[in-house]
Amino acid sequence: MSTPQSYPARHRVVVIGSGFGGLFATKALRRADVDVTVIDRTTHHLFQPLLYQVATGILSEGEIAPSTRIILKDQHNASIRIGNVTSIDLSARTVTSEHLGRTTVTEYDSLIVSAGAQQSYFGNDHFAEHAPGMKTIDDALELRGRILGAFEHAEVCNDPDERERLLTFVVVGAGPTGVEMAGQIAELAHRTLVGTYTNIDPRTARIILLDAASTVLPPFGDNLGSRAAGTLERLGVEVRLGASVTDVDATGLTYRDPEGTRHHIESACKVWSAGVAASPLGRQLAEQCDTVVDRAGRIPVEGDLSLPGHPNVFVVGDMMSLDRLPGVAQVAIQGGRYAARQIAGEVEATVKGRPAPERKPFVYRDKGSMATISRFNAVASIEGVELAGLFAWVMWLAVHVAYIIGFRSRIATLLSWTWTFLGSWRGQMTTTEQQTIARNALGELHLLRTRDEDTDETIAS
């Protein structure tokens with residue numbers, strides 16, 4: 001009589017988030033002797049740096065947000081679980097997620113947290129109702145509806161003051177997203193929409209870029225910032241620096257200049273790109289490992305990207321605080337791959353009965369920063385070399401195409417860019433009322449669910 005042989009369960013890796021950090025970490029584990037579970041609130045991988053092109057009608061959402069399941073369908077050790085992660089228990093080694101009222105608890109042996117960041121309104125979250133951010137597909141589609149809807153409303157408006165308000169667009173934040181957004185709204189008004197309306201001239205639209213900083217694109221330095229500001233002004237964008245926004249409402253926006261004087265801009269369409277805050281999961285993790293998050297909600301990590309006291313938990317991307325690394329895609333990609341290598345190496349050593357290899361500290365290799373301003377114009381800073389103009393723009397195109405996931409998406413993006421940049425055609429100009437009011441509709445749905453839960457709790461008690 002023989003006794004059935006038992007085999008140890010495979011090492012379980014849970015990855016929170018399917019952004020750059022989470023996706024590249026998962027793909028880096030494809031040959032490891034582990035089972036990977038990716039948990040995210042969406043079923044797509046979002047190429048966030050190109051969201052503004054969805055908002056301004058250049059690209060479709062499908063071109064920058066392919067299905068995570070399709071991307072990973074040939075990776076047999078990976079599975080996808082949709083859900084909003086609500087809690088992480090470091091002691092029990094579990095992750096709790098919720099989706100449509102269903103709660104799921106997932107156990108892990110190793111955890112990679114790459115939940116990213118959300119738009120920050122610096123304590124003024126009520127601004128979001130009138131000035132959407134640029135962090136999700138919903139945000140981009142809503143902004144597309146608001147931008148194009150403003151031109152449509154102005155076309156049928158007979159009140160000159162109201163028409164001027166409708167044709168005034170304000171972008172808050174002069175970082176890469178804000179600069180790119182302001183530039184594309186200007187090109188939309190001055191190229192794409194020219195001659196398409198009967199009662200208005202889109203070229204009369206005002207595009208205003210505000211920032212509390214003293215320069216445009218502060219991380220790029222004064223020289224490139226000044227060149228970017230000059231290019232924007234030639235496009236017709238009004239650049240106002242040292243402007244601190246104090247209020248945003250349905251009618252417009254109020255800001256305070258460096259002298260302390262308050263100014264109000266009448267504007268129907270406002271875009272917020274002034275700041276980001278790490279996922280709230282950072283605070284939750286900090287409480288459990290006796291540390292504190294920084295002002296942006298990022299949690300300090302060890303040199304190997306693990307949490308203090310929890311070497312099996314890695315935090316990568318926008319959520320981690322280490323050596324003042326910027327919250328850019330390359331930091332997340334390199335961090336995700338690094339964490340995956342540590343896990344794979346240690347699992348392999350365990351299986352072969354060898355001591356775990358010593359972890360070398362994470363070293364970030366800065367590949368430079370880029371921002372496009374308009375067609376044929378971009379700025380780039382690569383290893384101390386500053387570039388601007390056409391050459392920087394071609395480099396920007398090449399880098400962004402390289403990081404788009406999927407051959408089909410790359411080809412579709414290149415075709416869309418060809419039509420847009422060489423001509424004036426934009427193929428994604430469709431909007432719906434549902435997209436435009438998405439934020440309010442989702443907010444009302446959340447309130448209804450909250451009331452239902454409160455009612456259920458009252459009945460139960």
Side-chain angles (χ1 to χ4, degrees), residues 10-51 54 59-86 88 94-118 135-141 279 281 314 316-319 329 332-333 335-337 339-340 343-344 400-413 416 428 435 438 442:
R10 294 222 315 172
H11 191 91
R12 299 163 300 179
V13 181
V14 170
V15 177
I16 299 176
S18 61
F20 286 109
L23 181 65
F24 278 81
T26 301
K27 295 177 72 174
L29 288 166
R30 63 188 178 278
R31 293 189 179 90
D33 188 21
V34 300
D35 290 320
V36 186
T37 301
V38 181
I39 305 176
D40 200 345
R41 69 180 67 190
T42 72
T43 58
H44 59 258
H45 162 71
L46 177 61
F47 193 99
Q48 208 170 77
L50 292 178
L51 268 177
V54 174
L59 299 177
S60 73
E61 58 272 29
E63 288 162 356
I64 70 164
S67 165
T68 312
R69 294 187 184 278
I70 299 299
I71 296 171
L72 298 175
K73 71 175 183 177
D74 294 327
Q75 184 169 332
H76 302 300
N77 69 341
S79 62
I80 313 297
R81 179 165 295 161
I82 187 170
N84 178 38
V85 174
T86 55
I88 301 171
T94 60
V95 174
T96 301
S97 57
E98 294 183 358
H99 177 62
L100 297 178
R102 182 186 298 275
T103 300
T104 303
V105 178
T106 308
E107 297 179 340
Y108 66 83
D109 298 306
S110 293
L111 176 65
I112 300 176
V113 186
S114 182
Q118 58 194 15
K135 288 297 175 185
T136 68
I137 288 292
D138 286 333
D139 291 338
L141 294 177
S279 164
L281 290 176
F314 299 86
V316 302
D318 294 337
M319 285 188 63
I333 290 170
R337 286 172 169 166
I343 294 171
H400 282 69
V401 166
Y403 282 102
I404 290 175
I405 303 296
F407 178 76
R408 182 187 177 282
S409 292
R410 291 193 185 104
I411 296 301
T413 299
S416 296
Q428 305 298 328
Q435 291 171 347
L442 288 172

Subject >> Heavy-atom neighbours of E98 CD exceed 12 at 6.0 Å >> reply: yes
Original post:
Is there a donor-acceptor contact under 3.5 Å from the side chain of Q75 to the main chain of L72?
Top reply: no
Subject >> Where G116 and D318 come nearest, the two heavy atoms and their spacing >> reply: C-CB, 3.9 Å
Original post:
Ignoring hydrogens and geometry, is there a side-chain-to-backbone donor-acceptor pair from R10 to V34 under 3.5 Å?
Top reply: yes
Original post:
For N77 and A32, which heavy atoms make the closest approach, and how far apart are they?
Top reply: ND2-O, 3.5 Å
Subject >> Test item: I64 and L46 side chains (from C-beta on) under 4.5 Å apart, heavy atoms >> reply: yes
Original post:
Distance-only, no hydrogens or angles: does the Q48 side chain make a donor-acceptor pair with backbone N or O of T136 under 3.5 Å?
Top reply: no
Original post:
Would you say T96's side chain and T86's backbone share a donor-acceptor pair under 3.5 angstrom?
Top reply: no
**OP:** Compare every heavy atom of Y108 with every heavy atom of V95, then report the nearest pair and how far apart it is.
**Re:** CG2-CD2, 4.0 Å
Original post:
Does the side chain of M319 reach to within under 4.5 Å of the side chain of L281, using non-hydrogen atoms?
Top reply: yes
Subject >> Pair Y403 + F20: ring centers closer than 6.0 Å >> reply: no
Subject >> Any I343 side-chain heavy atom under 4.5 Å of V13 side chain >> reply: yes
Original post:
If you measure only the distance, is there a donor-acceptor pair under 3.5 Å linking the side chains of S18 and H44?
Top reply: no
Original post:
Salt bridge check: are R12 and D35 linked by an N-O gap of less than 4.0 Å?
Top reply: no
Original post:
Hey, does I71 have a side-chain heavy atom less than 4.5 Å from the side chain of L23?
Top reply: yes
Subject >> Polar side-chain atom of R102 near backbone of H99 as donor-acceptor pair, under 3.5 Å >> reply: no
**OP:** State which residue, out of T104, T106, T37, fulfils the side chain to side chain donor-acceptor pair (under 3.5 Å) condition with R81.
**Re:** T106
